[in-house]
Amino acid sequence: SFQYTYSYDQNKRVTKLAADYNTDFFIDNIKTILFTYPGSNSAMADITWGNDDIQRDYITYSNANKVITSYDTIPRLSGYHVTHTAYLGTENRIDSISEIAISVSPPEIYTNKQRFIYDAQNNLGTYYDISKNVHPAEDSVIILSRETRGAEINNTFDKILSNMRWYPPMVDNALGIISEPFVYYPYPMLSAKRWSKYINMELTIFNPPLFFSGNFVNTFDSNNLLVHQEIPAGFANKYGGRATYQFTYIKLPK
């Protein structure tokens with residue numbers, strides 16, 4: 001179990017995200033992210049990983065805050081320098097991400113492109129992920145369906161994350177491998193279907209496509225508020241297990 005704590009400056013910008021882990025801590029978990037703002041169109045994020053390595057992401061805003069680039073200055077735990085470029089569409093949602101990873105040893109370049117398609121309710125409906133490198137890579141498409149209620153969770157994250165609303169998916173943007181991105185959209189998941197295949201640099205398929213699907217369990221209280229969510233295996237986390245969320249609503253004084 002763990003707890004997130006957010007801190008803010010006088011301009012309501014996120015300055016710190018701290019994660020307090022009580023059980024099942026891994027060295028590839030994030031301990032803290034410190035945000036600083038050297039200019040009106042830039043930010044820096046100092047990420048402290050579980051092994052106390054510090055990765056600095058330089059974040060620059062351009063094109064009316066619609067293109068965001070972050071790149072780290074030291075290798076990740078896996079020994080890569082990674083650059084992300086996110087292209088934001090309407091309502092500051094991520095429409096696509098380009099990723100370039102350069103391994104330290106042996107020196108190799110890996111590229112990954114992700115595209116997000118939304119429905120009329122601003123929910124992510126289809127997700128495409130194409131990796132291309134010198135080794136076999138994964139080419140995936142995920143088809144998502146969602147509830148028509150339960151927006152209060154998304155609204156809460158809107159307030160908490162403030163100007164960094166787009167950042168959590170960029171920290172680990174492998175949708176379908178971690179559970180957190182599922183709560184960043186207006187309505188909770190109902191089901192997901194994923195097709196994956198392994199490809200080489202010429203996009204020639206040499207392994208059969210892999211298919212798996214999962215149903216999400218959402219429970220609402222008498223006030224129609226989402227109080228329980230179960231994320232099935234294959235979508236819950238990178239270790240292949242299930243995940244469960246319990247939501248409690250507390251009325252705070254204004």
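The figures that follow rest on heavy atoms only: side chains count, while hydrogens, waters and symmetry mates do not.
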Requested in this report: Could you walk me through whether I68 and H84 pass the side-chain contact (heavy atoms from CB on, under 4.5 Å) test, one step at a time?
Outcome: CA-CA 8 Å; I68 297 170; H84 290 111; over 6 Å; no

Requested in this report: Answer yes or no: is there a side-chain heavy-atom contact under 4.5 Å between R149 and L226?
Outcome: no

Query raised in the report: Partners of Q10 by side chain to side chain contact (heavy atoms under 4.5 Å, CB included), sequence neighbours excluded?
Result: none

Query raised in the report: Counting distance only, does the side-chain N/O of Q229 pair as donor-acceptor with the main-chain N or O of F216 below 3.5 Å?
Result: no

Query raised in the report: Just by distance, do the side chain of T15 and the backbone of S7 share a donor-acceptor pair under 3.5 Å?
Result: yes

Report task. Apply side-chain contact (heavy atoms from CB on, under 4.5 Å) to the pair S98 and Y87, showing each step before the final yes or no. Result -> CA-CA 9 Å; S98 296; Y87 299 89; 4.2 Å; yes

Query raised in the report: Do I142 and Y118 belong together in a cluster built from hydrophobic side chains that touch within less than 4.5 Å?
Result: yes

Report task. On the 0 to 90° scale, with breaks at 30° and 60°, tag the Y6-Y4 ring pair as parallel, tilted or perpendicular. Result -> perpendicular

Requested in this report: Measure the OH-CD distance between Y128 and Q114 for me, rounded to the nearest 0.5 Å.
Outcome: 14.0 Å

Report task. Group every Ile, Leu, Val, Met, Phe, Trp and Tyr by side-chain heavy-atom contacts under 4.5 Å, then state whether I231 and F220 land in the same group. Result -> yes

Query - Worked check of side-chain contact (heavy atoms from CB on, under 4.5 Å) between V14 and Y8 - result: CA-CA 5 Å; V14 179; Y8 304 86; 3.7 Å; yes

Report task. First locate atom CD1 of I59, then atom CG of N41, and finally report the distance between them rounded to the nearest 0.5 Å. Result -> 13.0 Å

Report summary line: In this structure, CG of L17 is separated from CZ of F35 (nearest 0.5 Å) by 6.5 Å

Report task. Applying side-chain contact (heavy atoms from CB on, under 4.5 Å), run through Q246 and T248 and close with a yes or a no. Result -> CA-CA 7 Å; Q246 297 283 354; T248 301; 5.7 Å; no

Query - Residue list, side chain to side chain contact (heavy atoms under 4.5 Å, CB included) with I102, at least two apart or on another chain - result: I100, I109

Report task. Among I47, I33, D46, T69, find the residue that satisfies the side chain to side chain contact (heavy atoms under 4.5 Å, CB included) test when tested with D57. Result -> I47

Query raised in the report: Is there a donor-acceptor contact under 3.5 Å from the side chain of Y187 to the main chain of N154?
Result: no

Query raised in the report: For the residue pair M44 and P38, what are the closest heavy atoms and their distance?
Result: N-CD, 4.2 Å

Query raised in the report: Do L161 and L34 share a hydrophobic cluster (ILVMFWY, side-chain heavy atoms under 4.5 Å, transitive)?
Result: no

Query raised in the report: Side-chain heavy atoms under 4.5 angstrom apart, residues restricted to Ile, Leu, Val, Met, Phe, Trp, Tyr: same cluster for V67 and M164?
Result: no

Report task. Calculate, to the nearest 0.5 Å, the distance between atoms NZ and CG belonging to K193 and N215 respectively. Result -> 9.0 Å

Query raised in the report: Residues in ring-ring contact (aromatic ring centres under 6.0 Å, His included) with Y58, at least two apart?
Result: Y71

Requested in this report: For S145, check side chain to side chain contact (heavy atoms under 4.5 Å, CB included) against everything at least two apart and list the hits.
Outcome: L190, S191

Report task. State whether the side chain of N218 and the backbone N or O of M189 hold a donor-acceptor pair below 3.5 Å, judged by distance alone. Result -> yes

Report summary line: Hits for side chain to side chain contact (heavy atoms under 4.5 Å, CB included) against V227, two or more places apart or cross-chain, chain-then-number order -> T219, D221, Y249

Report task. Go through the structure and list residues passing salt bridge (charged side-chain N to carboxylate O under 4.0 Å, His left out) with D9, not counting sequence neighbours. Result -> R13

